[in-house]
Amino acid sequence: MSELAKAYEPHLVEDKWYAWWQDLGLFRADPSSQKPAYSIVIPPPNVTGVLTLGHVLNNTIQDILCRHARQTGHEVLWLPGTDHAGIATQTVVERRLRKEEKKTRHDLGREEFLQRVWEWKEKHGGIIINQLKKLGCSCDWGRERFTMDEAYARKVQEVFVDLHAKGLIYRGKRMVNWCPVSLTALSDEEVIPKPQKGYLYHFKVEVIEKPGTFLEIATTRPETIMGDTAVAVNPKDPRYTGLIGLHVRRPLPLENQAEIPIVGDEAVDFEFGTGVLKVTPAHDRVDYEIGLRHNLPVIDILNPDGTLNELAGEDFQGLDRFEARIEAVDKLKELGVLVKEEPHENNVGFSERADVPIEPRLSEQWFLKYPKTAEARDAVRNHLIRFFPDRWEKVYDHWLENIQDWCISRQLWWGHRIPVWTKVEAGSSNGTATADTRVQVDSPGDDWEQDPDVLDTWFSSWLWAHDTMDEATRAKFYPTSALVTGPDIIFFWVARMIMAGLEYTGEVPFREVYFTGIIRDKQGRKMSKSLGNSPDPLDLIAKYGADGLRFGLLRIAPQGQDIKFDEQQIVEGRNFCNKFWNACRFRLLHGPVDPQADPARHELSPFAQNLLARLDATIRRVDEGYAAYRFSEIAQALYEFVWSDFCDQFIEAAKADFQSEGARREGTLATIDCVIRRVLQLLHPYAPFVTEELWQGLGFGPTSIMQTPWPQTAGWSDDPRAPQFFEAVSHARNLRATYNVPSNKRLAWRIEPAAGWLQSELPVLSVLLHAESLETVASAPPGSAACPTAIGTIYLPLAGVVDPAAEIRRLAAEMKKVEAEIEKVARKLASESFVQNAPADVVAEHRQRQQDWINRLAELERARTALG
RNA sequence: GGGCGGUUAGCUCAGUGGUAGAGCGGCAGUUUUACACACUGUUGGUCGGGGGUUCGAAUCCCUCACCGCCCACCA
């Protein structure tokens, strides 16, 4: 390619290069490689999922790490896959079934329904995978895994069997979080507390043994009164001590106003409400505990779907729990025992998936007592695993410290079936008999029935880091190098993976964990479908290119901080890619690029030398950024170098060098070629497509840029002439703007040089000032505006435009400002405590600054004198 | 109730003891032969409030306020 299009057009090149990389096998990980390993397992997105900005952030970071690792000489494995996402997927398919065929899963039966889910998965499950490819993710697709793959699923069940054998998995009837919509138990982590506005209902009951004595009870859930089996007070509460052991009459249901005891229990907070608690062991965790302590009967008045059953009495049977609440209040009113209803806000646990209040329910479930909790805590405490940012270590530690057993069984069909088998007794299949059970993966025989429940999705995800790999792969790539994920799944996934890793591999599953921020909209709200504030990343890719999206997003993603998304940032990412594209385009106007260009073999201008030093500094900044997972800083460093140092300053200055042939021109071309090459390499992890397009287009190929080594610093030192020069240019341009000279007006500039080296750089100054002419003078030309700079005093002679009086006023104003600066520094230096206590270099710096200002003042004074 | 994060220019954010910064926006000018997805210049801030440490604080300490998140069985 000898010519580039005027603007970078991503849609013309992205698919091409992605396919090429894949054809060359550049994403493939070779376990037999001698290179050091670098590996990441993808946090598997839900198979039902479509790409969100959160995925874009997360996966772009992983891709950056992987591409950077390849460039730094590692054999890289980025292992992709998807998660079967039990409830989410089952819900999606059930919804379709209802909509399209007006059927429920029960109409189809288990086998047929699962068949449908698999069909759905085959048809739609790959969407997010293709979207990741659009984004440029360099995953080893040949190793794509699914959490229900046969081998993986078997492993999940084996782990169940193993943990059961170790006594860590047990079956028990316990209080669980029940979702009345999904009709399954949930883990504590799947319950989201939400503040709810409701009422605190006060009602009174009479103490049977002391007629005329009433207890007032405050409750938010009057619909559970029918399940009450006691009333509790705190034994230390002086108001009620005499009443413990006596009885009250439960008001509902009307046909069964049972006598229930008053018990004393420490769990009752006598500050709250009336200090009297109704105890419903079947429908409240605390009440259940109280019930156990006092041997209270358990009356379960709810059906699994949240409606009330026959135990609730005829007035309530069949009502939904929220209808029942209203009905219960009405009945209390009718009985004349309702004292008051006061508005009350409290936290109610909601089902994460179905978004309805969960119901505490006594239920027979499988539980896991977590293995290796102490070791898992130590691994992070002792930094065998490092968290970035490290503040999440505390959150992790705290959770492990207070860890509760994990309810792992789900009353769903889609998922890993629990490997527990029960012997079917001929003629008595009601399950009440203590049947013979076996815990094993394969069926013991035809007359054995498998437990109908499946395992929590996360019970399979926690093996993801190691059981997605075969033995050879694991030998090379496990433990993985890094995990990139959101802090919202630190308990769901990260902590559990660490425990599973320690239990089953004896090693930590990853060395470093990077927690991304959460992407919010401009108002700081979470992205959500219902709010419609979540832009489709595919639209953004279509508009700005994958590189623009990646670079724009990463540039505003500070470590561990939530990100307020603004499309303008993506526009800037796109603009940046285009900026660099055009810099390369400019280069091609002056002949073909030399891929081997080495500026060290040329005589270099101060600008070239300085640019190379700035490049070295940029490489250092970028390297530091990678070491500390500071992705926005890397992007920012590259942005600043390319836009300011390279384009705004160097290339503009280089235009003078291209006006003639010679060594100067050759040195500048070599510098540009070298810088472009380095920048392409440095930028490649962030913007893989445009960098490959340019790499090939400029002739750095034919090897892919993916396979080229990471740039090293070359030991260039700053040339102080360059910044002085550019600052002077800035001052001079400022002077022109002050007198409202239009940018396109060419002027006859003059300069009184302060440095000998300037002579050879006058053509550059002339170009940068867009001058008609530029001559050196020995003193101020008459009638000129003057601008003292470090490289000399620059004069703008514009007879008839600059009124000498105006210029004198301007100079006077500037002198005043300079005097103020001198005064400021002088005050500081006059302070003895400062001079004595501050480090010598700081004091010297102040002295130097003071001298600079004094020199400038003298220059201004001289210019004013020259004007008369 | 505990814990964590945040508060710096109109906006998004850098800046962990030494002259308060960047990008965008705004304003003014420019089709200067890489780029109008651009260039040039410029305007914006008692660094949330108060106290302390220090020669010196956006930066360290204390405290308060507000915003956000996480954990926790107050019915």
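We name chains A, B, ... by the order of the sequence lines, and we start the count at 1 in each one.
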Asks: Using the P atoms only, state how far rG10(B) lies from rG45(B), rounded to an integer number of Å.
Replies: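 Each nucleotide's P atom is 7 Å from the other's.
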
Asks: Please give the distance between the C1' atoms of rC66(B) and rG49(B) as a whole number of Å.
Replies: 11 Å

Asks: Please state how far atom CG in Asp237(A) lies from atom C1' in rA75(B), giving the value in whole angstrom units.
Replies: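 To the nearest whole Å, that distance equals 15 Å.
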
Asks: Contact class for Thr280(A) (heavy atom, under 4.0 Å): base, sugar-phosphate, or nothing?
Replies: nothing

Asks: Output, in order, the C-alpha distance, side-chain angles, deciding distance and verdict of ring-ring contact (aromatic ring centres under 6.0 Å, His included) for Phe515(A) and Phe388(A).
Replies: CA-CA 6 Å; Phe515(A) 292 104; Phe388(A) 295 85; 9.7 Å; no

Asks: Could you state the NZ-C1' distance from Lys655(A) to rA38(B), rounded to the nearest angstrom?
Replies: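 Nearest whole value for this atom pair: 10 Å.
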
Asks: Any salt bridge between Lys817(A) and Glu821(A), counting N to O under 4.0 Å?
Replies: no

Asks: Want to settle it: does Ala267(A) or Ile192(A) sit nearer the 5' end of RNA chain B, counting the closest nucleotide to each?
Replies: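 Checking each residue's closest nucleotide, the 5'-ward one belongs to Ile192(A).
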
Asks: It should be established whether Asn734(A) places a side-chain nitrogen or oxygen under 4.0 Å from OP1 or OP2 of nucleotide rU42(B).
Replies: yes

Asks: For the side chain of Arg585(A) and the base of rC35(B), is some donor closer than 3.5 Å to an acceptor across the two?
Replies: no

Asks: So which nucleotide from rG18(B), rG23(B), rU33(B) ends up closest to the side chain of Arg555(A)?
Replies: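 Ranking rG18(B), rG23(B), rU33(B) by closest atom to the Arg555(A) side chain puts rG23(B) first.
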
Asks: State whether the distance check finds a donor on one side and an acceptor on the other, under 3.5 Å, for side chain Lys579(A) versus base rC35(B).
Replies: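 Result: at least one qualifying N/O pair found.
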
Asks: Please report the distance separating the C1' of rG56(B) from the corresponding atom of rC60(B), rounded so that it comes out in whole Å.
Replies: 13 Å

Asks: Using whole Å, what does the distance between atom P of nucleotide rA22(B) and atom CG of Asp566(A) come to?
Replies: 20 Å

Asks: Across the strands shown, which category fits Asp488(A) at heavy-atom distances under 4.0 angstrom: base, sugar-phosphate, nothing?
Replies: nothing

Asks: Rounded to whole angstrom units, what separation is found between the NZ atom of Lys564(A) and the P atom of rG25(B)?
Replies: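 From Lys564(A) NZ to rG25(B) P: 19 Å.
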
Asks: Categorize Cys577(A) for me: base, sugar-phosphate, or nothing, with a 4.0 angstrom heavy-atom threshold over every strand shown.
Replies: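 Cys577(A): no heavy atom of the nucleic acid under 4.0 Å.
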
Asks: Whole angstrom is fine here: how far is it from CZ in Phe646(A) over to P in rC39(B)?
Replies: 14 Å

Asks: If pairing requires Watson-Crick or G-U wobble contacts with both distances under 3.5 Å, which nucleotide is the partner of rU31(B)?
Replies: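 Because no pair has both required distances under 3.5 Å, rU31(B) counts as unpaired.
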
Asks: Please pick, from rC35(B), rA75(B), rU33(B), the nucleotide with the shortest atom-to-atom distance to any side-chain atom of Thr220(A).
Replies: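 Nearest nucleotide to the side chain: rA75(B).
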
Asks: Salt bridge between Arg361(A) and Glu359(A), side-chain N to carboxylate O under 4.0 Å?
Replies: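 A salt bridge is absent here (no side-chain N lies under 4.0 Å from a carboxylate O).
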
Asks: Rounded to whole angstrom units, what separation is found between the CD atom of Glu572(A) and the P atom of rC37(B)?
Replies: 14 Å

Asks: Sticking with atom P, work out how far rC39(B) lies from rG44(B), rounded to a whole angstrom.
Replies: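 Here rC39(B) and rG44(B) have their P atoms 23 Å from each other.
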
Asks: Looking across every strand, which nucleic acid part, if any, lies under 4.0 Å from Pro360(A) by heavy atom: base, sugar-phosphate, or nothing?
Replies: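 If one applies the 4.0 Å heavy-atom cut-off, Pro360(A) turns out to touch nothing in the nucleic acid.
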
Asks: Identify whether the glycosidic angle of rG44(B) places it syn (within 90° of 0) or anti.
Replies: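 What rG44(B) shows is a syn base, its glycosidic angle lying within 90° of 0.
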
Asks: Assuming nearest nucleotide by heavy-atom distance, tell me which of Ser743(A) and Val268(A) is located more 5' along RNA chain B.
Replies: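 The answer here is Ser743(A).
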
Asks: Taking atom C1' in both rC13(B) and rG17(B), what distance in whole Å separates the two?
Replies: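 Result for the C1' pair: 22 Å, nearest Å.
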
Asks: Mind checking Leu589(A) for me? I need base, sugar-phosphate or nothing, with any heavy atom below 4.0 Å counting as a touch.
Replies: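 Sugar-phosphate, backbone atoms only, no base.
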
Asks: Glu393(A) CD to rC70(B) C1': how many Å, rounded?
Replies: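 Those two atoms, CD and C1', are 16 Å apart.
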
Asks: Please measure how far the P atom in rG18(B) lies from the corresponding atom in rG68(B), and state the result in whole Å.
Replies: 33 Å

Asks: Pairing check on rG1(B): which nucleotide meets the Watson-Crick or G-U wobble criteria with it, both distances under 3.5 Å?
Replies: rC71(B)

Asks: In the structure shown, which nucleotide is the Watson-Crick or G-U wobble counterpart of rA65(B), with both distances under 3.5 Å?
Replies: rU7(B)

Asks: Between rC11(B) and rU43(B), how far apart are the two C1' atoms, rounded to whole Å?
Replies: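 That atom pair is separated by 16 Å.
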
Asks: Suppose you measure atom C1' in rU8(B) against the same atom in rG23(B); what distance do you get, rounded to whole Å?
Replies: 15 Å

Asks: Does a side-chain N-to-carboxylate-O contact under 4.0 Å join Arg325(A) and Glu223(A)?
Replies: yes

Asks: Among the nucleotides rA34(B), rG23(B), rU12(B), which one has an atom lying closest to any side-chain atom of Tyr639(A)?
Replies: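 Among rA34(B), rG23(B), rU12(B), the one nearest the side chain of Tyr639(A) is rG23(B).
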
Asks: Would you mind telling me which of rU19(B), rC55(B), rA34(B) lies closest to the side-chain atoms of Ile651(A)?
Replies: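 Selected nucleotide (nearest to the side chain): rA34(B).
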
Asks: Counting side-chain heavy atoms from C-beta on, which of rG23(B), rU31(B), rG18(B) comes nearest to Asn744(A)?
Replies: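 Out of rG23(B), rU31(B), rG18(B), the nucleotide with an atom closest to Asn744(A)'s side chain is rU31(B).
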
Asks: Is there a side-chain contact between Lys278(A) and the phosphate of rA75(B), meaning an N or O under 4.0 Å from OP1 or OP2?
Replies: no

Asks: Checking all strands, does Arg827(A) fall into the base, sugar-phosphate, or nothing category for heavy-atom contacts under 4.0 angstrom?
Replies: nothing

Asks: Once you apply the 3.5 Å cut-off to both distances, tell me the Watson-Crick or G-U wobble partner of rA22(B), or none.
Replies: rU12(B)

Asks: Any side-chain N or O of Trp643(A) less than 4.0 Å from the OP1 or OP2 oxygen of rC24(B)?
Replies: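 Indeed not, no polar side-chain atom of Trp643(A) lies that close.
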
Asks: Between rC35(B), rG3(B), rC69(B), which nucleotide gets closest to the side-chain atoms of Arg520(A)?
Replies: rC69(B)

Asks: Taking the side chain of Glu640(A) as heavy atoms from C-beta outward, which of rA38(B), rU40(B), rA22(B) is closest to it?
Replies: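 It is rA22(B).
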
Asks: Can you classify the ring geometry of Phe834(A) versus His846(A) as parallel (below 30°), tilted (30 to 60°) or perpendicular (above 60°)?
Replies: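 Judged by the thresholds at 30° and 60°, the geometry between Phe834(A) and His846(A) is perpendicular.
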
Asks: For rG56(B) and Asn837(A) - does any side-chain N or O of the residue sit under 4.0 Å from the phosphate oxygens OP1/OP2?
Replies: no

Asks: For the side chain of Lys6(A), starting at C-beta, report the closest nucleotide among rA36(B), rC55(B), rC24(B).
Replies: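 Selected nucleotide (nearest to the side chain): rA36(B).
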
Asks: For rC60(B), what is the paired nucleotide under Watson-Crick or G-U wobble rules, both distances under 3.5 Å?
Replies: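 Pair assignment: rC60(B) / rG52(B).
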
Asks: Which listed nucleotide (rC55(B), rA38(B), rC71(B)) is nearest to the side chain of Phe834(A)?
Replies: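 Per side-chain heavy atoms of Phe834(A), the pick is rC55(B).
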
Asks: Could you tell me how the ring of Phe272(A) sits relative to the ring of His344(A): parallel (under 30°), tilted (30 to 60°) or perpendicular (over 60°)?
Replies: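 Answer is perpendicular, since the angle exceeds 60°.
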
Asks: Hey, does Asn740(A) reach any base, or is it just sugar-phosphate, or nothing, if we go heavy atoms under 4.0 Å?
Replies: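 No contact at all - Asn740(A) keeps every heavy atom at 4.0 Å or more from the nucleic acid.
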
Asks: Salt bridge between Glu289(A) and Arg285(A), side-chain N to carboxylate O under 4.0 Å?
Replies: no

Asks: Would you say the base of rA75(B) and the side-chain of Glu271(A) have a donor-acceptor pair closer than 3.5 Å?
Replies: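 Result: no qualifying N/O pair found.
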
Asks: Which nucleotide in the list rC35(B), rC73(B), rG23(B) gets nearest to the side chain of Val286(A)?
Replies: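 It is rC73(B).
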
Asks: Answer yes or no: is there an ion pair linking Asp397(A) with Arg377(A), defined by an N-O contact shorter than 4.0 Å?
Replies: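 Salt bridge between Asp397(A) and Arg377(A), a charged N being under 4.0 Å from a carboxylate O: yes.
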
Asks: Using whole Å, what does the distance between atom C1' of nucleotide rU40(B) and atom CD of Gln649(A) come to?
Replies: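 Going from CD in Gln649(A) over to C1' in rU40(B) covers 14 Å.
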
Asks: Please tell me whether Tyr240(A) and Phe270(A) form a close aromatic pair, meaning their ring centres lie under 6.0 Å apart.
Replies: no

Asks: Do the side chains of Glu633(A) and Arg621(A) get close enough for a salt bridge, i.e. N-O under 4.0 angstrom?
Replies: no

Asks: Which part of the nucleic acid does Arg733(A) contact within heavy-atom distance under 4.0 Å: base, sugar-phosphate only, or nothing?
Replies: sugar-phosphate

Asks: Does a nitrogen or oxygen in the side chain of Lys745(A) sit under 4.0 Å from OP1 or OP2 of rG29(B)?
Replies: no

